[in-house]
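Just the heavy atoms: all of them, side chains too, but no hydrogens, waters or symmetry mates, feed the values below.
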Amino acid sequence: MASPALRSFKSMGPEGQSQTAQSAGGSTKGLNIQYVVQLTEVGEGLMAKMYRLNQILDHPDMVNHLFSESFWKAGVIPNFPKICTLVARKFPEHTSRLQLERVDKIAFDSLTDGAEVYLQNLEPWVQLLLDLMAFREQALRLLLDLSSTVITLLIPGKMMLQMYNLLHGILRNDRDCDFYHRLVQFIDSYDPPVKGLQEDLNFVSPRIGEVLEAVGPVIFLLADTRKLRNEGFLSPFHPRYPDILTNSAHPMRAQDLANVTSYREWVLLGYLVCPDELLRVTSIDIALVVLKENLVLTLFRDEHILLHEDYQRYVLPRILESKKIAKAGRTKQKEADLEYSVAKQVEKMISEVHEQALLCCDAIHHERRILLKQEIGRMVLFFTDQPSLLAPNIQMVFSALALAQSEVIWYFQHVGIMSSKSKATTHTLPVEIDPSDPTIGFLLDGMDHLCSLVRKYIAAIRCYALSYLSSCAGRIRFLMGTPGMVALDLDSNLKGLLQKILQHLEKIPKPQGEDISAITCDLSDLRKDWLSVLMIVTSSRSSINIRHLEKATVSTGKEGLLAEGNSAYNWSRCVDELELQLAKHGSLKKLYFYHQHLTSVFRNTMFGPEGRPQHCCAWLGVASSFPECASHIVPEEVTKVGRDAVLYVESLIESIMGGLEGLINILDSEGGFGSLEMQLLPEQAAVYLNSSTRHSIPTNKSPRGLPGMPGQESYPENNNSIKMLEAAMQRLTNLCSVLNDMEPICVLNHVFVLREYMRECILGNFRRRLLSVLKTDNDLQRPSVLESLVRRQMSIIHLAEQHISMDLTHGIREVLLAEAFAGPVSSLHLFDKPINQQTGLAAETICNWYIENIVKDISGAGVLFVPAHKCFRSTKPIGGYFAESVSDFKELQAFIRLFGGYGVDKLKQMMKEHTAALLNCIGTSLRSNRDILEAIAGSLHAGDRIESDANTKQIVDLDTLVEFCVQAGQALAFDQLISDAAGDVLKEDAPLIYSLLEGIVPHLPVEVPEKKDIRRMKEVANSIGVMGDHDTEFVRSIMEDIGVGNDNSWNLLPYLFSAFMSSNVWNTTTFNIDTGGFNNNIHCLARCINAVIAGNEYVRMEKENQMANGHIDENLQNQMQGSLTAEASAKSTLLLFVKMSAGMILDCWHEANRSDLAPKLVFVDQLCEISPHLPRSSLEACIPYSIIRSLYNQYYGNSPSLPLTLRNLSSPRSSPGASLMHNSPAFRHLRNDTTQPYSDQSGYFKQPSSQSYDADSGSIQSNDRRQQRGSGPLDYSSNRKVKFNEGSTSGSTGPSPLPRFAVSRSGPISYK
């Protein structure tokens, strides 16, 4: 915010310099320009200190003596409000006359006690007042208006001086400080500041008026937007001859437009401090144009005054006084009549222009911004295509940059301004500034592109400038030799300056094929001599003035001497000051003081209807110049400005990335790409078409109105949504392209690479999106839906990836891997995972849900495993879905495709942990009931049913243990589903790996104990479902990990499990022929019993082998023998369990309690079916097949009215108990020969058989039977293959007796 006067001496062109030189008092000797520049820098430093003081004191209101709490706590002024406010109000009255001890005795005493400290706090700021006074004296000596730039900044000088002198008197025996009276006079003379300036500049007021009149034409030109557009002042084309690419129509006006911002500030300030100059006839129009476009006058940085209020307060009274004087003298002289008329017009103008400015200032500047947006846009396109024409039009480029700079700064200066409508009222009105004006972004972007072009072709511009100056030397020599110049009789001083200028021009090197960047040329002496010439010819004391030079040289028909000299001055700056010129006209560092408004406008415009993604480069690039605003005189400013600049960039980057996420989320919504994914199954399409046909009218109206029909997005009424989708896609690709190509933003020692931010934003949004869609409002999202949503998001990222030079697909894989695996990377290469292995949040969330709701069923939704369909079902929804919707085979495949093998590992690990806990419960029960189980074993082998029943009832928490085992069976079933799904996914995506594992499994050696590598291979194969006995391998690995079987209590497992037959759980158990399982998941108990018994036998035999040998036996034959022994032991133990269970089932049956007989028998039958260690024929030795045949007859009977449960049977003829007693010759043998050991025959090994049977389905109606649900055996349907062993130990010969059911009406028949 350097004041107009300070800025003008750095930015004015030669004409401006000549006009300013008129105020030099007519000295024929050139002023020391260097001294003026130094004084300007001193003034800026003083203003920076005053600005900092105002910030420290929280901008106090010195007029009304209103001070905030921060003012008193700042530590500058003593915190005694009554005393300090009084001395300020009574200024310039001496403090000794105010009797301050009576005002506040306590405060005065404290002030006296701490006088030394308070004096030291005030001393640097009082020194600032002394510096201001000295600066004013120096400035007035040069007759410059620089003093205005300092004094108009209000600081509490009265209070500081009075308190400083008071403290000085306390410490120095009531003696005033040496400079007290001079400072009193100085401060009092600028109370108020504007009046002090008016008095200081009164004697140079006419010269200032002449300067302001001289810049009037340029101000009028800028105000005429139509003329600027129509006559091509800012166009590279000739306005009247478009074929001429170089616009030389208005070369002088181009350089004037570059300085018009300074001219307008001169006018605003000049007429404020020299109000009498408004009485000039031409001044009214100049002031009206400028006042109508502005509401504030910036003093320094963001400090400003309300322009119209000050004009009414300080200018209008002087005009009224002049009007009164002119009215009194109208009868005496004719000139008074004109003065009166002009004064009256000025009065009217000042009174009315405020309201006009409130109404139309923003509209005027908005129109100008639109013009600049269009012209700069054309310039960028033109000079990009024709860079060779940039150098000849560089002055026009500087003008466009300067005007755009002025308009952008004006916009932010007026945001949030409150202006009172009139002097008589205190009511304030906000200025109507549109915070979402898109032209700001276009101007910033255009300026950024123009500056980039200038920097790119800076060597060509210098070359052109050198060539122009070389040719200019000849023209100036010719003009100096014209008769008109010879007749002027120039004095020796002026003639010597002109000769020196010629010498400077002739010494300029001529660029001929050499490297332009290597040419060093300092033309500051040339410019200094030309300014000296201008000062001489514009001095009132000089015999030769500007008009003489113009008349003497313009008669040649070419440019005059002044025009040539001014052009040489401007082009010389394009040689050695081109960077300074570009920084002056193209820098937006002043926007730092409005960076909060800058951020707000950016957010409102960047992603608005007219926003452009490519503008974000310019918005960010502005911050690079912010640190230049800090004054090194105030050290703390450097840190603060740098920190604010970094925060500004971070805020904008956050907004840009938020917009990028918004575009991605728009496309990823149901109204985006989701609307294009709508697909109908053929059945759904048929329903829609049938419905449309049924409801159609005779005009055969198309069914297009039906919701959900494919292709509806192409109907005309849906064009808007498609256009919105296309616009979002276009913006996304444009933004990605722009951010990818953007250069790093450097702010102090911070470097911001937008490509990296964009990558983190896209991948971070992908991760957040993944976590957000994991769950719906009610519960877990279905994995298949989750997979489709993730794939949709990935398709959008792939769309953006086409415009980015980085691999986002790799990043997506990293995100998915991190959500499935969050441990150290080294753990990825280890087979044995660490104990506390970390898992990604997404995979862990899904896995926890499956364990809690499917395996454990903590919500009580009645989750059942359905063997017939290989999924879980629930009687009530779990959250928003039934269990089958999330545990279906396809859903598990979708989960595996999302999270891969690490997600599977996590889910399996959690199921292992859960199953291990359940196995520990079994072990605890075995140890706590060991004596009881041994007694049960003895009584069972002795055939003592009564003692066995009594001992069984003593087992603690038997029903609870049954529930634990059922839950373990559920975990086994779910793990097998996961393994099968993983195998299918692997087979589809990596068939070679799958076939390799599948081919290796049959050739893996069967040994006890197993080698580590073989064990690893089996675990891998089991995890993809290619092992024969999944459950046994799963439980075996758990037992080995947790050390189960270290004591002999595990040998009692078959007796504990056989005791389950006496549990109360069977009282409510029924079989469902639809699901192939029981209503309370008892079929999962069969899986648990089979896996735990077999797994325990393998672990026990392995430990016995190790203990016997003391080490792992390397002999293959011994290992194979151990494996056969372990398998035989597992079969023997399972047969023992079946034998004892069958005995307990049949012993417990009687006519009064037969409701649980059928489920128990079917349960044992299911165990033999699912166990690879028990041949199906082994069941006949314990339970005759005639009983099962009777069950089949009742479950699969063809009478629709026949109940499906055995609880309501009334005929003893059809009772399975009757069949058992009358048809089973082995019944009594089973009771009396329970201790007979089983021999390890080959028949006990169940081998896969190619023989199968197909149930006859011709005698039953499947539609009627599907409407009934009840208890029954396994689903022997037409597509179900039942394996059997040809080498059965039963009494029958030939194949297993099961095929006999195929020709019997009571056998298993098709239910489908």
Smallest heavy-atom separation, W125 atom then M160 atom, equals CB-SD, 3.6 Å
Near-ring test H308/Y311, centroid separation under 6.0 angstrom
no
Report yes if some heavy atom in the side chain of V87 is under 4.5 Å from a heavy atom in the side chain of M163; otherwise report no.
yes
How far does CG of L222 sit from CG of L371, to the nearest 0.5 angstrom?
9.5 Å
Output for pair (L228 CG, L403 CG), nearest 0.5 Å, gives 7.5 Å
Decide side chain to side chain donor-acceptor pair (under 3.5 Å) for N202 and Q198; before the verdict, give the C-alpha distance in whole Å, the side-chain angles of both, and the deciding distance to 0.1 Å.
CA-CA 6 Å; N202 187 45; Q198 290 175 350; over 6 Å; no
So how far is it from M349 CE to D285 CG, rounded to the nearest 0.5 Å?
9.0 Å
Distance in Å, I319 CD1 paired with K344 NZ, rounded so as to fall on 0.5 Å steps
15.0 Å
Write down the atom of C360, the atom of K292, and the distance for their closest heavy-atom approach.
SG-CG, 3.7 Å
Please find the pair of heavy atoms, one from E637 and one from S631, that lie closest to each other, and give the distance.
OE1-N, 3.0 Å
With the threshold set at 4.0 Å, does a side-chain nitrogen-carboxylate oxygen contact exist between E321 and K324?
no
Any Y271 side-chain heavy atom under 4.5 Å of V267 side chain:
yes
Within 6.0 Å of NZ in K323, more than 12 heavy atoms from elsewhere:
yes
Any chance you could lay out the ring pair (Phe, Tyr, Trp, His ring centres under 6.0 Å) test for H94 and Y180, step after step, and finish with the verdict?
CA-CA 10 Å; H94 198 280; Y180 173 70; 5.5 Å; yes
Does some side-chain heavy atom of K590 sit less than 4.5 Å from a side-chain heavy atom of C629?
no
Rounded at 0.5 Å granularity, tell me how far CG in D61 sits from CZ in F71.
11.0 Å
Kindly give the heavy-atom pair with the smallest separation between P60 and F67, and that separation in Å.
CB-CD2, 3.5 Å
Can you tell me if Q596 has over 12 outside heavy atoms packed within less than 6.0 Å of its CD?
no
Please give me the minimum heavy-atom distance between A402 and H585, naming the atom from each residue.
CB-ND1, 3.6 Å
Do you know the tightest heavy-atom contact between L167 and Y118?
CD1-CB, 3.3 Å
Evaluate side chain to side chain donor-acceptor pair (under 3.5 Å) for E199 paired with S189, printing each intermediate quantity in order.
CA-CA 9 Å; E199 294 178 3; S189 64; over 6 Å; no
Note: K73-E69 ion pair, threshold 4.0 Å (strictly below)
yes
Distance from E210 atom CD to S205 atom OG, nearest 0.5 Å?
10.0 Å
When you look at CD of Q185, are more than 12 heavy atoms from neighbouring residues, nucleotides or ligands closer to it than 6.0 Å?
no
